[in-house]
Structure formats: C-alpha cells, structure tokens
Amino acid sequence: MHFLTITDFDANELQQILDQSQALYAKNVSDPLKGKNILFAFEKPSLRTKVGTEVAINKLGGSVIHVEAPSFFGGKILHAAGHDPSGKREDLKDTMKNVNQWCDAVFARVFDHQTLQTLAQHSEVPIINALCDQHHPMQALADFLTIQQVFGKHSKPTITFVGDRNNVAYSLIEMGLKLGYPMQFTGPKNYYWSGAQLQYFEKLAQESNTNFKHHIDPKDILPGSDVIYSDTFVSMGEEAEYDEKIKTFTPYQVNKTLIDLTGKTTYFMHCLPAHRGIEVTDEVIDSPTSLVYQQAKNRMVSSLGVFHHFLKPE
Ligand code: CP
Ligand code: NVA
C-alpha cells in the first residue's frame with residue numbers, strides 16, 4: 001500500500017499511525033526495519049523531511065539510499081547523442097521496475113503529483129510522498145501529533161491556516177477535518193481553493209460532524225482561533241510568481257496585530273522553512289506559544305509510525 005495523500009485514509013487509520021509513532025518513540029524499539037532498504041529520491045530541496053525521516057529509519061534499524069534526482073527521475077542528460085533525442089535518461093516506468101528488484105520502499109519528493117502516481121503504478125513496494133505540488137501528508141501527521149501533544153488527544157482546538165492554498169494547507173485541512181477538528185482558512189481571492197475543493201472540505205466536515213469555515217478576510221475568521229498555521233507564500237516550483245504573490249499576500253503576514261484578532265492565547269505553527277519578515281514576524285515565530293520546533297521534532301517521531309505502518313514488519 002502506498003502513502004501518497006491523506007485522502008485515501010480514514011480517521012482510525014490516521015490516528016493509529018499517530019499513536020504508533022508515540023509508542024515507538026517512547027519504547028525505543030529495536031530494529032523492526034532491519035534489512036530493509038529505503039530509497040530517497042528528491043526532485044526539490046529538503047532539510048526536515050530528509051533528515052527527520054532518515055533519523056527515524058535509522059532508529060527502526062532500516063537503511064536509506066539516496067539517489068540524485070537525474071538518475072532517478074530521468075532528467076535531461078547533457079550529451080544525449082545516440083540516446084533519446086529528447087535528452088531524457090530513462091522512462092520512469094523502467095526506473096521503478098529496476099528499483100523493485102532491490103528496495104523495500106521509495107520516499108519521493110516531486111514537482112508533480114502525477115510522478116508519484118506513475119511510480120505507484122509500476123511499483124511493487126510502498127511509495128511514500130515526501131511532498132508534491134498538491135499534498136504533504138507526512139507534514140500533516142507531524143502537525144496533528146504536535147496538536148495532540150499540546151491540547152490532549154480528545155480536545156478539538158480550532159485551527160486556522162492563513163495564506164496560500166498550497167500542499168501543506170490541503171493535507172492539514174484534510175487531516176484535521178477527518179479527525180474531527182474545526183478547520184478554518186483565510187487567504188486572498190486570487191489564490192483560493194476551487195469550488196470542488198471547497199465542496200470536498202465541506203463534505204469531510206459534515207462526515208466528521210465538525211466545521212470548515214473560510215473567508216478572504218482574516219477578521220472574519222480569526223476570532224476564537226486556538227492555532228494559527230502559516231507557510232511560505234511562494235512554494236518550491238513557483239519562483240516565477242514570486243513578485244506577484246509577495247504583493248498579494250502582504251495582508252496575510254502573521255504578526256502580533258493579526259494574532260490579536262483571535263482575542264485569546266493562540267499557538268503558532270509553521271511547517272518550515274519560514275521566511276522571517278515575510279509570512280511571519282520574528283516576534284511571532286520566536287514567541288513562547290510558537291510550536292515550530294516541536295513540529296520539526298515530530299517530523300522524525302511521526303516518520304517512525306509511517307515507516308513501521310507501511311513496511312509492515314513481522
Ligand atoms: N517542512 C518540510 O517539509 O521541510 P523541508 O522542506 O526542509 O523537508
Ligand atoms: N509549501 C511549501 C512547503 C515546504 C515544506 C513548498 O511546497 O515549497
């Protein structure tokens with residue numbers, strides 16, 4: 001079974017992975033992944049996902065093999081003479097059918113979600129999404145582990161994502177609604193969810209007997225919010241839109257004035273990397289109610305549960 005999105009999993013299964021993560025971390029279990037080789041293939045940069053997950057796999061006794069992006073994703077080669085005239089090194093199908101012969105899982109960070117689907121189609125081993133343009137399921141697990149550590153497992157704080165409707169926001173809202181948390185979103189109209197996405201979130205909220213509220217004006221959304229979540233305004237792969245997005249998103253910077261709109265003690269979360277002075281101020285990210293480094297630690301803890309779950313040790 002693959003782990004490409006939160007979409008494919010129900011609340012029980014997601015909560016089971018979170019509980020297993022905590023248990024594995026507390027027990028310091030020895031070597032359930034001994035003899036397993038996990039391939040890391042990243043098309044984009046990464047610190048937390050790469051290092052946090054590799055540490056988790058080491059703790060479980062597994063091994064990590066890093067392959068550079070062009071060797072895995074069949075990127076263009078410089079001297080294509082005599083090869084494919086497009087300069088492409090290899091079809092992704094062939095790459096995956098080779099990897100099937102050696103490895104027990106692939107952990108891949110890609111530009112396009114379709115790349116993960118192609119890998120999954122030709123894979124005999126689990127494909128785990130390390131971030132794509134649409135989803136960041138590993139981040140969402142770490143974030144809800146953090147929220148449950150801070151608020152307890154049975155309390156359901158209201159969580160508001162402020163900013164861009166991106167991969168992190170999608171997986172966070174999706175997982176929160178599945179687990180029954182009241183989820184909120186505020187962001188500018190030019191970078192808003194599609195009608196179909198909003199309908200999907202509303203359906204999830206109804207199924208879990210919770211609420212999904214959204215509005216372009218933070219003032220309409222923030223009062224009463226227990227957690228404010230922020231991410232970069234310009235995701236990897238969107239560099240060409242930098243100037244336009246930075247201008248558009250200015251009113252969504254998480255600063256003291258914006259936090260004060262909640263009217264209560266509010267925790268701050270961010271998947272990191274953060275752009276200080278752009279989507280968040282130093283004052284907020286360095287405040288005592290900022291959870292960002294606890295989230296970063298939990299990228300490792302929740303990876304214990306994910307790799308244990310999907311590699312099904314005996
Ligand atoms: N939050 C996160 O995925 O960080 P990296 O891009 O550093 O892996
Ligand atoms: N939305 C960001 C998340 C980085 C962890 C990006 O995709 O670049």
Side-chain angles (χ1 to χ4, degrees), residues 3-6 21 38-57 64 66 68-69 106-116 128-147 159 161-176 185-188 191-193 197 227-242 244-246 248-249 252-254 268-276 278-280 285 290-307:
F3 186 42
L4 304 192
T5 65
I6 295 292
S21 302
I38 294 136
L39 191 79
F40 276 35
F42 281 56
E43 277 191 302
K44 309 183 198 180
S46 170
L47 174 71
R48 283 142 289 267
T49 308
K50 211 180 248 182
V51 181
T53 309
E54 182 160 355
V55 169
I57 291 169
V64 168
H66 293 270
E68 70 277 21
V106 173
F107 189 45
R109 170 168 286 197
V110 300
F111 282 102
D112 188 346
H113 185 67
Q114 178 59 48
T115 305
L116 294 173
I128 315 276
N129 185 353
L131 178 147
C132 65
D133 54 340
Q134 297 171 33
H135 304 272
H136 199 358
M138 297 291 285
Q139 182 68 49
L141 285 172
D143 294 338
F144 280 97
L145 193 60
T146 308
I147 288 162
I159 302 158
F161 188 97
V162 176
D164 191 17
R165 44 69 175 116
N166 64 14
N167 43 11
V168 170
Y170 192 91
S171 293
L172 183 88
I173 293 173
E174 198 179 24
M175 179 150 177
F185 175 83
T186 179
Y191 296 94
Y192 215 74
W193 304 106
Q197 287 170 321
V227 176
I228 289 183
Y229 197 116
S230 167
D231 182 16
T232 183
F233 296 148
V234 187
S235 286
M236 292 179 275
E238 296 183 335
E239 291 73 14
E241 296 169 60
Y242 187 87
E244 184 55 37
K245 287 193 92 175
I246 294 294
T248 310
F249 281 93
Y252 299 91
Q253 182 191 67
V254 182
F268 175 72
M269 296 180 76
H270 192 304
C271 57
L272 304 180
H275 306 87
R276 289 168 175 262
I278 300 184
E279 74 266 14
V280 60
I285 196 170
S290 168
L291 301 176
V292 298
Y293 304 118
Q294 190 172 341
Q295 289 174 263
K297 173 176 178 180
N298 282 329
R299 293 301 312 275
M300 184 276 286
V301 179
S302 56
S303 295
L304 293 170
V306 169
F307 280 84

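One-based numbering, in listed order, for ligands and for the atoms of each.
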Exercise for the section: For L131, counting its heavy atoms only, list the atoms of ligand 2 lying under 4.0 Å from any of them. Expected result: 3 (C), 4 (C), 5 (C), 7 (O)
Handout entry: Part of T49 within contact of ligand 2 (heavy atoms, under 4.0 Å)
Key = neither
Problem - Subset of ligand 2 atoms that lie under 4.0 Å from at least one heavy atom of L272 - result: 5 (C)
Exercise for the section: Would you mind checking which non-hydrogen protein atom is closest to atom 7 (O) of ligand 1, with the distance to 0.1 Å? Expected result: L47 N, 2.7 Å
Fill in the blank from the handout: Among K44, R48, Q295, H136, closest by heavy atom to atom 3 (O) of ligand 1 is H136
Exercise for the section: Give a yes or no on whether K297 atom NZ has more than 12 heavy-atom contacts from other residues, nucleotides or ligands under 6.0 Å away. Expected result: no
Exercise for the section: Might you point out which heavy atoms bring V254 and S230 nearest each other, and give the distance in Å? Expected result: CG2-CB, 3.8 Å
Fill in the blank from the handout: Given the options V306, I57, I128, F107 meets side-chain contact (heavy atoms from CB on, under 4.5 Å) only with I128
Handout entry: Sidechain-backbone polar pair: Q295 side chain, A142 backbone, donor-acceptor under 3.5 Å
Key = no
Completion exercise
Residue, atom and distance of the protein heavy atom nearest atom 7 (O) of ligand 2 read N167 ND2, 2.8 Å
Practice task
Kindly assign one of parallel, tilted or perpendicular to the pair F185 and F161, based on the angle between their ring planes and the thresholds 30° and 60°.
Solution key: parallel
Completion exercise
Between D133 and N167 the two heavy atoms that sit nearest each other are O-CB, 3.6 Å
Practice task
Any atoms of ligand 1 less than 4.0 Å from a non-hydrogen atom of R109? List them with their elements.
Solution key: 3 (O), 5 (P), 6 (O), 8 (O)
Handout entry: Nitrogen or oxygen of D231 less than 3.5 angstrom from that of ligand 2
Key = yes
Handout entry: Atom indices of ligand 1 within 4.0 angstrom of R299 heavy atoms, with elements
Key = 1 (N), 2 (C), 3 (O)
Fill in the blank from the handout: Short version for L272: what comes under 4.0 Å of ligand 1, heavy atoms counted, is backbone
Practice task
Could you check whether the rings of F249 and Y252 sit parallel, tilted or perpendicular, using 30° and 60° as the cut-offs?
Solution key: perpendicular
Problem - Among P45, C132, S235, closest by any non-hydrogen atom to atom 2 (C) of ligand 2 - result: S235
Practice task
State whether the side chain of N129 and the backbone N or O of F3 hold a donor-acceptor pair below 3.5 Å, judged by distance alone.
Solution key: no
Completion exercise
Closest heavy-atom approach to atom 8 (O) of ligand 1 among T232, T49, D143, V292 is made by T49
Handout entry: Minimum heavy-atom distance H136-S171, with the two atoms named
Key = N-OG, 2.9 Å
Completion exercise
Taking only non-hydrogen atoms of N166 and a 4.0 Å limit, the atoms of ligand 2 in range are 1 (N)
Practice task
Looking only at distances, please establish whether an N/O atom of ligand 1 is found under 3.5 Å from an N/O atom of C271.
Solution key: yes
Exercise for the section: Return yes or no for this condition: an N or O of Q139 is under 3.5 Å from an N or O of ligand 1. Expected result: yes
Exercise for the section: For ligand 2, indicate whether the residue T232 contacts it via side chain, backbone, both or neither (heavy-atom separation under 4.0 Å). Expected result: side chain
Completion exercise
Looking only at protein heavy atoms, what sits closest to atom 8 (O) of ligand 2 is M236 N, 2.8 Å
Practice task
Kindly give the heavy-atom pair with the smallest separation between I278 and Q253, and that separation in Å.
Solution key: O-CG, 3.0 Å
Exercise for the section: Apply the test ring-ring contact (aromatic ring centres under 6.0 Å, His included) to residues Y242 and F233: give CA-CA distance (whole Å), side-chain angles for both, the deciding distance (0.1 Å), then the verdict. Expected result: CA-CA 8 Å; Y242 187 87; F233 296 148; 9.7 Å; no
